Amino acid sequence: MTPPAVRDATPDDAGTVAVIVNAGIDARTATFETEHRTTGAMAERIASTSPRHAFLVAELDGVVVGWAATYPYSPRAVYDGVAEYSIYVAPDAHGRGVGSALLGALLDRARAAGLHKVTSRVFPENAASLALAARHGFEVVGTHRSHARLDGVWRDVVTVEVLLL
Ligand SMILES: CC(C)(COP(=O)(O)OP(=O)(O)OC[C@H]1O[C@@H](n2cnc3c(N)ncnc32)[C@H](O)[C@@H]1OP(=O)(O)O)[C@@H](O)C(=O)NCCC(=O)NCCS
């Protein structure tokens with residue numbers, strides 16, 4: 001099987017990127033967001049990625065099947081160097097190493113950009129995301145109990161982080 005090829009996203013990828021994240025939104029296992037992302041919104045996000053951050057896509061046999069991005073944890077200056085990440089792989093490409101290729105490349109880029117820490121919040125039921133994070137050196141630092149509502153139900157989230165020192 002051909003390994004995934006990871007590259008920087010361009011605004012032309014926005015339509016596929018939106019379809020992939022919207023599948024994750026519909027699954028209700030990845031994010032508190034419930035509204036679909038538009039192609040325009042994703043194109044804007046890709047185009048506005050700052051040089052310290054990255055928006056990557058992964059291809060299998062020339063077809064984009066996943067994306068991952070870092071973005072600032074907070075606008076406050078004290079958190080400068082701390083990034084959050086998002087990662088989504090098309091459901092029919094799960095379990096083929098795409099997420100791992102994306103997260104590995106994203107951390108390489110974060111290190112090269114001099115970022116200090118990368119973190120994310122994951123639903124405790126999201127075994128794939130927790131396994132992927134652990135595989136790349138993330139540690140679970142705690143659980144926020146009843147942290148936000150999804151479809152009206154308060155849900156826990158697990159915080160994972162990796163220091164890039
Ligand atoms: C989480 C996600 C990105 C993982 O991507 P993927 O391409 O399926 O993952 P990979 O095939 O690269 O597997 C990465 C690791 O996770 C493990 N893994 C994958 N799916 C798993 C599952 N359902 N349960 C347990 N472990 C799993 C793999 O065995 C692998 O571990 P290893 O390297 O130690 O063998 C993907 O499932 C996804 O897009 N989910 C929906 C969106 C989402 O939840 N995003 C994260 C929001 S926090």
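Ligands are counted one by one from 1 in listed order, and the atoms in each one are counted from 1 as well. Keep in mind that this is a model prediction, so the values were computed, not measured.
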Is the positively charged end of R155 above the ring of F123, judged by distance under 6.0 angstrom from the centroid and angle within 45° of the axis? yes

Counting non-hydrogen protein atoms only, what is the nearest one to atom 25 (C) of ligand 1? Give residue, atom name and distance. A127 O, 4.0 Å

Taking it one step at a time, do T2 and D61 satisfy side-chain hydrogen bond (donor to acceptor under 3.5 Å, both in side chains)? CA-CA 7 Å; T2 317; D61 301 324; 3.3 Å; yes

In this structure, are over 12 heavy atoms from other groups packed under 6.0 Å from E139 atom CD? no

Is there a donor-acceptor contact under 3.5 Å from the side chain of N126 to the main chain of A30? no

Say whether D26 and H36, considering side chains only, have a donor N or O and an acceptor N or O under 3.5 Å apart. yes

From atom 28 (C) of ligand 1, is the closest protein heavy-atom distance below 4.0 Å? no

shortest atom 26 (N) of ligand 1-to-protein heavy-atom contact is with A131 CB, 3.4 Å

Should you measure from each heavy atom of V98, which atoms of ligand 1 turn up under 4.0 Å away? 7 (O), 12 (O)

Nearest non-hydrogen protein atom, atom 45 (N) of ligand 1: I87 O, 2.7 Å

Sub-4.0 Å heavy-atom approach of S100 to ligand 1: yes

R135 N/O to ligand 1 N/O under 3.5 Å: yes

Is it the case that R45 places NZ or CZ above or below the six-membered ring of Y71, under 6.0 angstrom from the centre and within 45 degrees of the axis? yes

Hey, which of L102, V64, V65 is the one that makes side chain to side chain contact (heavy atoms under 4.5 Å, CB included) with V57? V64

Less than 3.5 Å between some nitrogen or oxygen of G24 and one of ligand 1, yes or no? no

Please say whether R96 places an N or O atom under 3.5 Å from an N or O atom belonging to ligand 1. yes

Minimum distance, heavy atoms only, to atom 8 (O) of ligand 1: which one of A93, A101, G95, S120 is it? G95

Neighbour count above 12 (heavy atom, 6.0 Å) for R7 CZ: yes

For atom 48 (S) of ligand 1, what is the nearest protein heavy atom, given as residue, atom name and distance? S129 OG, 3.3 Å

Around atom CZ of R52, are there more than 12 heavy atoms of other residues, nucleotides or ligands at under 6.0 Å? yes

Atoms of ligand 1 less than 4.0 Å from Y88 heavy atoms? 39 (O), 42 (C)

Can you name the atoms of ligand 1, numbered from 1 with element, that are less than 4.0 Å from a heavy atom of G97? 10 (P), 11 (O), 12 (O)

Heavy atom of protein inside 4.0 Å of atom 31 (O) of ligand 1, strictly below: no

Give me the residue, atom name and distance of the protein heavy atom closest to atom 23 (N) of ligand 1. A128 CB, 3.7 Å

Counting only heavy atoms closer than 4.0 Å, does ligand 1 sit against the backbone of L102, its side chain, both, or neither? neither

Nitrogen or oxygen of V89 less than 3.5 angstrom from that of ligand 1: yes

Say whether T29, considering both its backbone and side-chain N or O atoms, lies within less than 3.5 Å of an N or O atom on ligand 1. no

Quick one: does P72's side chain get under 4.5 Å of H53's, heavy atoms only? yes

Would you call D156 and R121 a salt bridge, using N to O less than 4.0 angstrom? no

Atom 38 (C) of ligand 1 sits nearest the protein heavy atom H94 NE2, 3.3 Å

Can you check whether K117 reaches V162 side chain to side chain, under 4.5 Å on heavy atoms? no

In terms of residue, atom name and distance, what is the protein heavy atom nearest to atom 7 (O) of ligand 1? G99 N, 2.7 Å

Using a 4.0 Å cutoff against the non-hydrogen atoms of A30, which atoms of ligand 1 qualify? 42 (C), 43 (C), 44 (O), 45 (N), 47 (C)

Check whether any protein heavy atom sits under 4.0 Å from atom 43 (C) of ligand 1. yes

Measuring from atom NE2 of H94 to atom OH of Y88, what distance do you get when rounded to the nearest 0.5 angstrom? 10.5 Å

Would you say S100's side chain and G97's backbone share a donor-acceptor pair under 3.5 angstrom? no

What residue and atom, counting heavy atoms only, is the protein's closest point to atom 14 (C) of ligand 1, and at what distance? L132 CD1, 3.7 Å

